[in-house]
Structure formats: C-alpha cells, structure tokens
Amino acid sequence: MTQDIFAFEPPSLQRRLDQITNMARTARREGVLALDRHIDDVDDELLEFGLEMAVDGMGEDEIAGMLDQRIAEMKGKRQLVADFFTQAGTYAPAFGMIGTLIGLIQMLNNLDDPSKIGSGMATALVTTFYGALLANLAFLPLGDRARKQNELRGKAHYITREGILAIARGDSPRMIEQRLGFLAEDEVEGEDAGTESTEDATDAQPAAAAA
C-alpha cells in the first residue's frame, strides 16, 4: 500500500462518469442484461463489481449494501497508510526529545571532563533536529498526501456507487450525468487552478458512500 502513495494516478472522474452514462445508454436501449457483454471492458474493480450485481438482477438496496461494504473495505486498507504516517509524524519529535534528554544526561555526567561535554551536547541537538526533520519533511507530508489521494478515490467511488444504483433503477443517462456532473466539473476546475481540493465535494457525499 505504501508504494501507492508514490505511484498514484488520480482517477479521472469525467472518464468514470462517461463510462457509467454509456453503460446507462446501453441498458436503456437493450436492457440491463446487455451490460454483460461490456463488463470485461471495465478497468475499475468497483464498477465491475457493481455492474455484475446489476446484471444478475439484484435489488437496489442489496446492491447498495454490497457496494458500501466493498467501499468501506477499500477505504479502511488505504486509511491505514495515511494514519501510519500521521502518527509517525506526531511521535517523531517526541523521540527526538528523548534523544535530547539522553544527550543532556551524558553531558551532565561528564562535567568534570570538558572534552566529553561536546559529544553529549551534539547528541542532544542532533536527535532533536532529526525528529523535527522527519516529522515535517517526511512523515506528515506523506500522511497528508495519502489523505488527499483517499479523498480523490472517495469521489470516484461515490460516482461509481450512485451511477450503478441509477442504472439498476433504470434512470435516464441524462439524469445520471446531470446528477453527478458537478463532481467532474470540480475536477476540471481543480486542474485549471493547479489544486487538489476535494473536501467540499467529499463532505457532500452520503455517509454510506464516503465510508
């Protein structure tokens, strides 16, 4: 999971929405069973899972429950990475202070030998430095990066969940596109502004979908 932070490719929300609306058009013209021919062309695990349930004729509530469970499992695994780096960033300065105390103890134990005082002081300062360095330049930024990546995945999961349920209900492709299009618009605006702000749209998701 850790390597996903560095090899992360943001999911294209517009592409996901286009896939779902195309599937909805096929289901509207030829029936939901016709989607079985196109499932192998889907490159997203959650979308494939949901379409298979829709094709199998499962009810909307049952599909929603299964999707929520799968989304929660996927989020839980990735959240562990963000939590790990955040906790590491929180504790790193504390471990640095422990090293500082050890260095001060060494220094105080050698007050009668001035030649050894410098090494104790050096230990005290170096451990504090590395604790702050690791926290602020490594662990905390990586934890923040992992959280932002999870937010992007959460938006893609929300589009997928709502799109699959709409297909199962028989909603029109135009209605699906209008209902979920604001998320794809946020993606375009974020790219134009050079930002990755996703918190507003994520907060708008139902608790079940964001889980």
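The distance from the CZ atom of R179 to the OG atom of S172 is 8.5 Å, given to the nearest 0.5 Å. Between atom CD of residue E45 and atom CZ of residue R70 there is a gap of 5.5 Å, rounded to the nearest 0.5 Å. Here CZ of F139 is found 10.0 Å from CG of L133. Values are rounded to the nearest 0.5 Å. Here the CD1 atom belonging to I176 is positioned 8.5 Å from the CG atom belonging to L17, to the nearest 0.5 angstrom. Note that CG of L125 is 8.5 Å distant from CG of L104, once rounded to the nearest 0.5 Å. Atom CD of E52 sits about 11.0 Å away from atom CE of M66, to the nearest 0.5 Å.
One finds a salt bridge joining E30 and R37 here, because a Lys/Arg side-chain nitrogen approaches an Asp/Glu carboxylate oxygen to under 4.0 Å. In summary, R15 and D43 engage in a salt bridge, as defined by a charged side-chain N under 4.0 Å from a carboxylate O. Salt-bridge annotation for D171 and R28: absent, with no side-chain N of the basic residue lying under 4.0 Å from a carboxylate O of the acidic one.
Here the shortest heavy-atom pairing between A34 and T26 reads CB-CG2, 4.1 Å. The shortest heavy-atom contact between I159 and R16 is CG2-CG, 4.0 Å. The two residues P141 and A135 make their nearest non-hydrogen contact at CD-O, 3.7 Å. L13 approaches L152 most closely through the heavy-atom pair CD2-O, 4.4 Å.
Put simply, the side chain of L67 reaches to within 4.5 Å of the side chain of M53, judged on heavy atoms. With a 4.5 Å cut-off on side-chain heavy atoms, R153 and F8 count as touching. Counting heavy atoms from C-beta on, the side chains of I167 and L35 come closer than 4.5 Å. In this structure the side chain of R78 never reaches within 4.5 angstrom of the side chain of Q149, judged on heavy atoms. Annotation: side chain of I20 is not in contact with side chain of I164 (no heavy-atom distance under 4.5 Å). M23 is listed as a side-chain neighbour of V42, based on a closest heavy-atom distance under 4.5 Å. L180 has its side chain out of reach of T21: every pair of non-hydrogen atoms, C-beta onward, lies at least 4.5 Å apart.
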I'd like to know whether I98 forms a side chain to side chain contact (heavy atoms under 4.5 Å, CB included) with T127, so could you lay out the CA-CA distance, the side-chain angles of the two residues, the decisive distance to 0.1 Å, and finally the verdict.
CA-CA 8 Å; I98 292 174; T127 54; over 6 Å; no
Go through the steps to decide whether Q19 and D41 satisfy the test side chain to side chain contact (heavy atoms under 4.5 Å, CB included), and finish with yes or no.
CA-CA 10 Å; Q19 282 182 318; D41 299 330; over 6 Å; no
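Cluster membership check: F129 does not share its hydrophobic cluster with M107, using side-chain heavy-atom separations under 4.5 Å among Ile, Leu, Val, Met, Phe, Trp and Tyr. M121 is connected to L108 through a chain of hydrophobic side-chain contacts under 4.5 Å among Ile, Leu, Val, Met, Phe, Trp and Tyr, so both are in one cluster. Residue V32 is not grouped with residue M175 when hydrophobic side chains (ILVMFWY) are merged at heavy-atom distances under 4.5 angstrom, including chains of intermediate members.
Although no hydrogens or angles enter the test, the distance criterion places a donor-acceptor pair under 3.5 Å between the side chain of D44 and the main chain of L46. For the pair N22 (side chain) and D18 (backbone), a donor-acceptor distance under 3.5 Å is present.
For R174, the CZ atom is loosely surrounded, since the number of other residues' heavy atoms within 6.0 Å does not exceed 12.
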Donor-acceptor pairs under 3.5 Å, side chain of residues 79-97 to any protein atom, not counting sequence neighbours: which ones?
unit_1 : atom_1 : unit_2 : atom_2 : d
Q79    : NE2    : D83    : OD1    : 3.0
T86    : OG1    : A82    : O      : 2.8
T86    : OG1    : R147   : NH1    : 2.8
T90    : OG1    : T86    : O      : 2.9

